[in-house]
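To keep things clear, I will list the structure first and then write my remarks on it.
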Amino acid sequence: MEEVLIDFYRGKDEQAFMDAWEAAFGKVQEDDIDSLYEDIADAIDVAVKNGSHELGEPFIYKGVTVGKSDYNAFHALYIFEQLK
């Protein structure tokens, strides 16, 4: 499987996700953030490819909304934006 990554449009988008994640699962250690993001990248990639998630819609990972999704094919990067 090719490596895919995630990023957020703005810092506040990432902070909104982290706040929601930590409210649901507790504080994330700095060392564990990359692993969490890798897991999210793998999950959304599978969901997009199997048709269970459509880009432009909110992506939910383990019950927590990551944000509205987009994809940058050049960088193989899923991008998330906080829901308005």
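- Looking only at side-chain heavy atoms (C-beta outward), T65 and L83 come within less than 4.5 Å of each other.
- Below 30°, between 30° and 60°, or above 60°: for F17 and Y37 the angle between ring planes is between 30° and 60°, a tilted geometry.
- Within the 4.5 Å cutoff, no side-chain heavy atoms of L5 are placed close to those of H75.
- Cluster annotation: V46 and I40 are assigned to distinct hydrophobic clusters (Ile/Leu/Val/Met/Phe/Trp/Tyr, side-chain heavy-atom contacts under 4.5 Å, transitive).
- Closest approach of D13 and E81 over heavy atoms only: OD2-CA, 3.7 Å.
- Here the side chains of E57 and K68 are not in contact, with every heavy-atom distance at 4.5 Å or above.
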Hey, mind stepping through I6 and F80 against side chain to side chain contact (heavy atoms under 4.5 Å, CB included) and telling me if it holds? CA-CA 8 Å; I6 68 166; F80 297 97; 3.7 Å; yes

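- Judged as a ring pair (Phe, Tyr, Trp, His ring centres under 6.0 Å), and not counting sequence neighbours, the contacts of F25 are W21.
- Looking at V4 and L77, their side chains never come closer than 4.5 Å, going by heavy atoms from C-beta outward.
- Taking NE2 from H53 and CD1 from I60, the interatomic distance works out to 9.5 Å, rounded to the nearest 0.5 Å.
- For the atom pair CG of D42 and CD1 of I44, the computed distance is 11.0 Å after rounding to the nearest 0.5 Å.
- Annotation: the span from E14 atom CD to Q82 atom CD amounts to 12.0 Å, rounded to 0.5 Å.
- The two residues E22 and V28 make their nearest non-hydrogen contact at OE2-N, 3.2 Å.
- The minimum heavy-atom distance linking L36 with Y61 is given by the pair CD1-CE2, 4.0 Å.
- Looking at I79 and S69, their side chains never come closer than 4.5 Å, going by heavy atoms from C-beta outward.
- In this model, no donor atom of one side chain and acceptor atom of the other lie less than 3.5 Å apart for D70 and Y78.
- In this structure, F59 and A47 approach most closely via the heavy-atom pair CE1-CB, 4.1 Å.
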